[in-house]
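What follows is a single structure, written as structure tokens, with notes after it.
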Number of protein chains: 2
Amino acid sequence: MIQPFDFYNPTHIVFGPERLNELDSLIPQEARVLILFGGESARRFGTIDKVREGLGKRTVLEFAGVEANPTYETLMKAVAVVKDEKIDFLLAVGGGSVIDGTKFVAAAAEFDGDPIDMFGGGIGKQLPIHSALPFGSVLTLPATASEMNAGSVITFVEKGAKLGFGSAHTFPKFSFLDPTLTYTLPKRQLANGIVDAFVHIFEQYMTYDAGALVTDRFSEGLLQTLIEIGPRVVNDSEPDYNDRANFMWAATNALNGVLRPGVPQDWATHMIGHEITNLFHIDHARTLAAILPAMLTVRKTQKQSKLLQYGERVWGITTGTDDERITAAIDKTAAFLESLEVPTSLSAYDLTAKDVDALVANLIAHDQVKLSEHGDLTPEISREILLASL
Amino acid sequence: MIQPFDFYNPTHIVFGPERLNELDSLIPQEARVLILFGGESARRFGTIDKVREGLGKRTVLEFAGVEANPTYETLMKAVAVVKDEKIDFLLAVGGGSVIDGTKFVAAAAEFDGDPIDMFGGGIGKQLPIHSALPFGSVLTLPATASEMNAGSVITFVEKGAKLGFGSAHTFPKFSFLDPTLTYTLPKRQLANGIVDAFVHIFEQYMTYDAGALVTDRFSEGLLQTLIEIGPRVVNDSEPDYNDRANFMWAATNALNGVLRPGVPQDWATHMIGHEITNLFHIDHARTLAAILPAMLTVRKTQKQSKLLQYGERVWGITTGTDDERITAAIDKTAAFLESLEVPTSLSAYDLTAKDVDALVANLIAHDQVKLSEHGDLTPEISREILLASL
């Protein structure tokens, strides 16, 4: 049966080239703004300048150095700046890491108590978040959809953990999506973004059949879009505006809530992937691609009806036994990921069975022991998936 | 090229059976609430009672009698009640007419000047709307998506006009979507709702190819959903929860903004349909079905690429000349509408060529002279479409 659901997403999307002058109408005139960004590329390619121009005469400070897989340790320094400088509006300029980090800063700045207690996972008390500073984003790297959702994943260096939080208060007020800002991205980041979006769709779609026809069709449409444009985006010598725009909008929709109504969710690939990034510092998206085919193969009984539906609707696989069709669908999926020059095994990163032991130990330490849509994916099954990914 | 766009939709959807007790957490405790509804069915089937129970001890007044095609004349009486009784929250219980009417009341109650100036179309000055009372909805009839958008269409009896307005302030704060509330709907209203949603998708999808892959896939997915469930919803002797839930969610998505990003829009079928309803009091949805096949046939050159795409992706039409494939797609569309027992010609309502003259005269009087995605649909082409619909 279609599950009851709530849908709520108040983020205002401003999509199209060269619209940063509209920042002026979206932020209070008297705001004291902190711009958060990562490395120097945002400055080098002129985005920070355009943002500052759009902000006009407001008081504007900058906080550079938010890492990929943003850390609690770094972000607490931004929280201190916010408090010291009486900042009342945050503006993230970057990809999912910068926006996730900005969400943390927005909530931590107003959190009553130690911000570590915004998290669970054995490191904090996971207390409710009652407010957050308002913030917006200027997206430079399509991938995570953080620009249009309320979730955030933060890395705790000292504790060796990667944990998430979310709240109705941590939606961006607005996000600027300018496809031309992707023109300067290296191929590896483009590929990672496509894989990240692709697996976000899978986590919400590839479960069991709940009869939610609209949500299934939306998921399939986004998968078809990424399959159509992905190889072109990664391999074209000249960027194509429509391809980049379709990539950007598909990645946002992959995790802005439109794929959730009425369906169960999985997220086991992400939970296992987080541990791989933690221990071996492999790019988030690459950890997902490395285990997805093995995940689908090990879990093909639980996911049978959706694997068959996916094969038929997305890849046009209509002949053969059920098992043959499922194998063909998984093979097509792996081939698509490989076409983006992203490996679909952990052996590509020289991991071995011994590393699998360490990963499984961390899953247990972080309480990731009942994963997947049925809550039946135990550490032993995680081990089986990881071994099959080697 | 994919067009620049803004996406903003802050309505909170509460979807599932028997959730009206959650009203309590969504409306301020001290609110003075006016419930607006249509006929007595909302009371007879117990919905008003459940709503009042959900509202607890708040002060609650009722305004019954909002018509299908809600009128300015009736709604101004509700505006008077709001002012006299110091109402500060409105709650629509009904379908698109009640929700559209409630949007008008919400905006008119706070409008600085004569509310007729919220409209253009030759009857008002179309001044901007700067605020509106907060309001929510309890949807009883899926069709218009008014429960999750900011638009409203109002009928002016004295002036013989049907005109729309919208504003960022007239989104419902929340809407309750309970598929079981559709179980008591008569077959005719179910069929009308499916047709209304179907044509909403067409108005946004069936234009020219803008390269917006995500939006196209979403539109096609919704069309496929309505085609799959439509005949079952209309003809089943026992209502099926999933069918009703899919119908309800498809109708909401048909006009909540997710089909707009990057694409042009048509709306000519609606503009002509409004005049038919005005003059001949034919149900809104039925006017759309009566002219849609003729519209597609007369405009098949302008819409060629999308008609071919629609035929292939939605109906699986892949053989024949372009013209044969387009004709087949239009025939399939008409057959689908007829399968809902909704006529696809105006002669079913005994209209004649003389009536077409009156309709064209009204289109001109209401300034509907440059319709469709190219603005090239003149009154003469409207006449051609109407004559072909006879």
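What you see is a predicted model, and the numbers here were worked out from it, not measured in a lab. Every chain is numbered from 1 and lettered A, B, ... according to where its sequence line falls, protein lines coming before strand lines.
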Side chains of F15(A) and P261(B) in contact at under 4.5 Å (non-hydrogen atoms): no
Spacing of N9(B) atom CG and T11(A) atom OG1 [to the nearest 0.5 Å]: 11.5 Å
Under the salt bridge (Lys or Arg N to Asp or Glu O under 4.0 Å) test, residues paired with E53(A) that sit two or more places apart: none
Rounded distance (nearest 0.5 Å) linking atom OG1 of T225(A) with atom CG of D216(B): 9.0 Å
Side chain to side chain, R217(B) and E228(A), heavy atoms closer than 4.5 Å: yes
Nearest-0.5 Å distance, CZ of residue R244(A) to CD1 of residue I2(B): 12.5 Å
L177(B) versus chain A, the contacting section by heavy-atom distance below 4.5 Å: neither
Engaged part of F218(B) at the chain A interface, taking heavy atoms whose separation is under 4.5 Å: both
Value rounded to 0.5 Å, distance of CD1 in I13(B) from CZ in F5(A): 7.5 Å
D6(B) (side chain) donor-acceptor with H12(A) (main chain) under 3.5 angstrom: no
Spatial distance of atom OH (Y8(B)) from atom NZ (K173(A)) [nearest 0.5 Å]: 9.0 Å
Proximal component of L226(A), with respect to chain B [non-hydrogen, under 4.5 Å]: neither
Reported OG1-to-CZ distance for the pair T252(B) and F7(A), which is rounded to 0.5 angstrom: 11.0 Å
Heavy-atom contact with chain A under 4.5 Å, split by part of N253(B): side chain
Region of E220(B) that comes under 4.5 Å of a non-hydrogen atom in chain A: neither
Options P10(B), A210(B), G262(B), G16(B), ranked by heavy-atom pairs under 4.5 Å with chain A, top entry: P10(B)
Nearest heavy atoms of P4(B) and R19(A), plus distance in Å: CB-NH1, 4.2 Å
